[in-house]
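The structure under discussion appears below in the form of structure tokens.
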Amino acid sequence: MVSKNLPFTKEDILKIMEKYPTPFHIYDEKAIRENARKMKSAFKDVPGFKEFFAVKALPNPFILKILKEEGFGADCSSLPELILAEKAGMTGDDIMFSSNDTPSEEFIKAKELGGFINLDDISHIDYMERSAGLPEIICFRYNPGSLKEGNAIIGKPEEAKYGFTREQMFEGYRILRDKGLKRFGMHTMVASNELNPDYFVETARILFELIVEISKELNINFEFVNLGGGIGIPYRPEEEPVSFEAIAKGVKEAYEATITANGLHPLKVFMECGRVITGPYGYLISQVRHLKHTYKDYVGMDSCMANLMRPGMYGAYHHITVLGKENEAPARKYDVTGSLCENNDKFAIDRPLPEIEIGDILAIHDTGAHGHAMGFNYNGKLRSAELLLREDGSVVQIRRAETIEDYFATLDFEALKDFK
Ligand SMILES: *Cc1c(COP(=O)(O)O)cnc(C)c1O
């Protein structure tokens with residue numbers, strides 16, 4: 001039987017539930033720190049390497065503080081994300097601002113924090129100059145169009161709304177050079193949940209080659225390249241994690257063959273991964289509320305798509321372990337469902353699981369990125385708490401569960417009384 005490990009037992013969870021009722025997400029601090037160190041160590045020979053954690057994957061300031069301690073920065077794409085990073089003590093070189101369709105107040109805040117600003121479109125040069133003034137160092141997001149094949153989640157680059165075309169890259173840097181700017185970066189982001197390390201090496205090579213071309217043609221100097229995020233994780237138990245070493249080795253070789261060979265060393269190499277940093281180290285813990293047998297066998301959970309949207313939205317696989325039944329053989333296939341009035345509110349379809357009873361506790365794996373973060377309030381559903389399992393086995397609540405009062409906070413019932 002294929003399985004995935006858990007950093008806690010059923011007894012541990014029962015104890016946590018005495019204080020924090022289900023559903024909740026729980027994150028494994030020890031595993032997050034170990035993984036961060038593994039990544040840093042794998043990339044230690046890649047010039048200037050730094051990872052900027054994509055805040056959108058797990059926008060919790062406690063997690064950001066842990067990652068800051070491990071030497072990571074934050075990749076932000078909105079005002080609240082910039083503020084979260086700031087609250088976690090990240091400013092200046094710890095901030096990458098990779099947004100799109102950006103409002104002026106976000107450029108202003110990103111500039112005020114002294115972060116690296118990554119423009120998504122050539123028209124944003126003017127827009128930024130008018131709204132915030134140009135920063136000292138500036139970066140463009142490159143969209144390689146049909147030069148690069150897409151992957152399943154992010155789609156084909158030439159159909160993606162992001163970034164500059166190749167011609168616009170040359171034109172954009174020329175405009176900035178002529179305005180007197182001297183410090184430049186280059187970015188791309190063309191993958192999501194990609195498990196093949198070669199994909200990232202090829203992306204790096206495309207950027208390195210473009211940097212060589214533009215540096216020569218415009219006689220400007222690049223300080224950093226940001227390879228984006230998108231490293232995948234093994235959601236399915238039979239899948240293998242991506243080797244950081246394989247990516248680092250390939251990127252270093254491509255760097256030497258292009259950047260070093262053309263006399264452009266040193267150039268700092270950045271990434272802005274989210275999923276691979278925290279994804280595998282989060283779990284949605286939820287209890288079975290009802291069992292239903294009609295044309296199929298249904299397990300009704302005390303959680304729903306508001307807590308984890310990926311299966312309903314993308315048909316994504318999330319492994320499920322029934323706590324205390326880790327060693328039992330599957331008894332039948334179940335649809336594991338939430339309580340939304342939406343038939344795609346299913347955590348799993350036709351999933352072979354041990355015989356389920358009401359009150360069983362399920363751990364849904366790999367919810368540490370794009371899990372709680374994607375939650376929403378459709379159907380009046382409330383988002384759950386987030387807990388942190390510390391290295392000493394203690395548990396802290398790093399976000400409380402929403403209440404009905406939170407849900408009603410934007411409504412004025414007094415005004416309703418007078419409304420005819
Ligand atoms: C979503 C996103 C990331 C992170 O993607 P992961 O798949 O979580 O690694 C990084 N950069 C940008 C610009 C993004 O939109």
Side-chain angles (χ1 to χ4, degrees), residues 27 32 35-36 39 43 50-60 63-64 67 72-82 84-85 90 94-102 106-107 110 115-121 124 139-144 148 150-155 157 159-164 185-197 199-200 203-204 207 224-235 239 241-242 244 247 251 269-282 308-310 313-314 316 318 366-374:
Y27 309 119
I32 291 173
N35 181 53
M39 186 189 211
F43 281 89
K50 182 163 173 166
E51 152 71 11
F52 294 80
F53 176 67
V55 174
K56 77 166 188 269
L58 180 46
N60 188 297
I63 300 292
L64 296 182
L67 294 174
F72 286 10
D75 169 44
C76 307
S77 63
S78 67
L79 187 56
E81 289 183 1
L82 286 167
L84 280 174
M90 291 161 158
D94 277 337
I95 294 200
M96 180 70 62
F97 184 59
S98 297
S99 62
N100 68 94
D101 192 16
T102 314
E106 299 188 352
F107 281 134
F116 296 110
I117 294 174
N118 183 13
L119 300 185
D120 182 67
D121 186 56
H124 294 187
C139 177
F140 296 157
R141 178 172 185 161
Y142 176 45
N143 182 330
K148 177 93 187 144
N151 91 340
I153 292 191
I154 212 159
E159 285 168 20
K161 67 173 177 172
Y162 308 110
F164 290 51
M186 191 186 289
H187 166 264
T188 200
M189 164 86 190
V190 286
S192 186
N193 196 27
E194 178 60 55
L195 287 169
N196 179 1
Y199 197 92
F200 299 95
T203 301
L207 284 185
F224 73 86
V225 63
N226 178 350
L227 306 179
I231 301 179
I233 60 173
Y235 285 102
E239 288 171 340
V242 178
F244 288 140
I247 299 177
V251 168
V269 178
F270 298 158
M271 289 198 84
E272 51 181 27
C273 293
R275 190 186 315 270
V276 76
I277 308 299
T278 53
Y281 316 113
L308 178 67
M309 194 139 128
R310 298 187 70 260
M313 186 153 120
Y314 310 118
H318 278 262
D366 302 309
T367 69
H370 313 295
H372 186 283
M374 283 174 126

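For ligands, and for the atoms within them, numbers begin at 1 and follow the listed sequence. Note that the structure is a prediction, hence the values are computed from the model and not measured.
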Exercise. Nearest heavy atom to atom 11 (N) of ligand 1: which of Glu272, Arg141, His370 does it belong to?
Worked result: Glu272
Exercise. Hey, is Arg275 touching ligand 1 through its side chain, its backbone, both or neither, going by heavy atoms under 4.0 Å?
Worked result: both
For this session: Using a strict cut-off of 4.0 Å, indicate which atoms of ligand 1 neighbour a heavy atom of Cys273.
Result: 9 (O)
For this session: Could you tell me if any non-hydrogen atom of Gly228 lies under 4.0 Å from any atom of ligand 1?
Result: no
For this session: Looking only at protein heavy atoms, identify the closest one to atom 2 (C) of ligand 1 and say how far it is in Å.
Result: Lys56 NZ, 2.3 Å
Exercise. Is a side-chain N or O of Glu106 found less than 3.5 angstrom from the main chain of Leu79, in a donor-acceptor match?
Worked result: yes
Exercise. Considering only heavy atoms from C-beta outward, does the side chain of Phe52 approach that of Met90 to under 4.5 Å?
Worked result: no
Problem set entry | Contact with ligand 1 for Gly230, non-hydrogen, under 4.0 angstrom | yes
Exercise. Checking ring pair (Phe, Tyr, Trp, His ring centres under 6.0 Å) for the pair Phe270/Phe224: CA distance, chi angles, key distance, verdict?
Worked result: CA-CA 7 Å; Phe270 298 158; Phe224 73 86; 5.0 Å; yes
Exercise. Starting from atom 5 (O) of ligand 1, which protein heavy atom do you reach first, and at what distance in Å?
Worked result: Met189 CE, 3.5 Å
Problem set entry | ligand 1 atoms in contact with Gly274 (distance to a heavy atom under 4.0 Å) | 4 (C), 6 (P), 8 (O), 9 (O)
Problem set entry | Lys50 and Asp94 ion-paired at < 4.0 Å | yes
For this session: Give the contacting part of Val276 toward ligand 1: side chain, backbone, both or neither, where contact means a heavy-atom distance below 4.0 Å.
Result: neither
For this session: Any atoms of ligand 1 less than 4.0 Å from a non-hydrogen atom of Gly229? List them with their elements.
Result: 9 (O)
Problem set entry | Donor-acceptor under 3.5 Å (Tyr199 side chain, Val190 main chain) | yes
Exercise. What residue and heavy atom of the protein are closest to atom 4 (C) of ligand 1, and at what distance?
Worked result: Ala54 CB, 3.4 Å
For this session: Scan Thr278, Ile63, Asn60 and name whichever one has a side-chain contact (heavy atoms from CB on, under 4.5 Å) with Tyr27.
Result: Ile63
Problem set entry | N/O donor-acceptor pair under 3.5 Å between Asp120 side chain and Gly163 backbone | yes
For this session: Before signing off on this row, confirm whether Asp75 and ligand 1 have an N or O atom pair separated by under 3.5 Å.
Result: yes
For this session: Could you point out which residue of Ile231, Leu227, Val251 forms a side-chain contact (heavy atoms from CB on, under 4.5 Å) with Phe200?
Result: Ile231
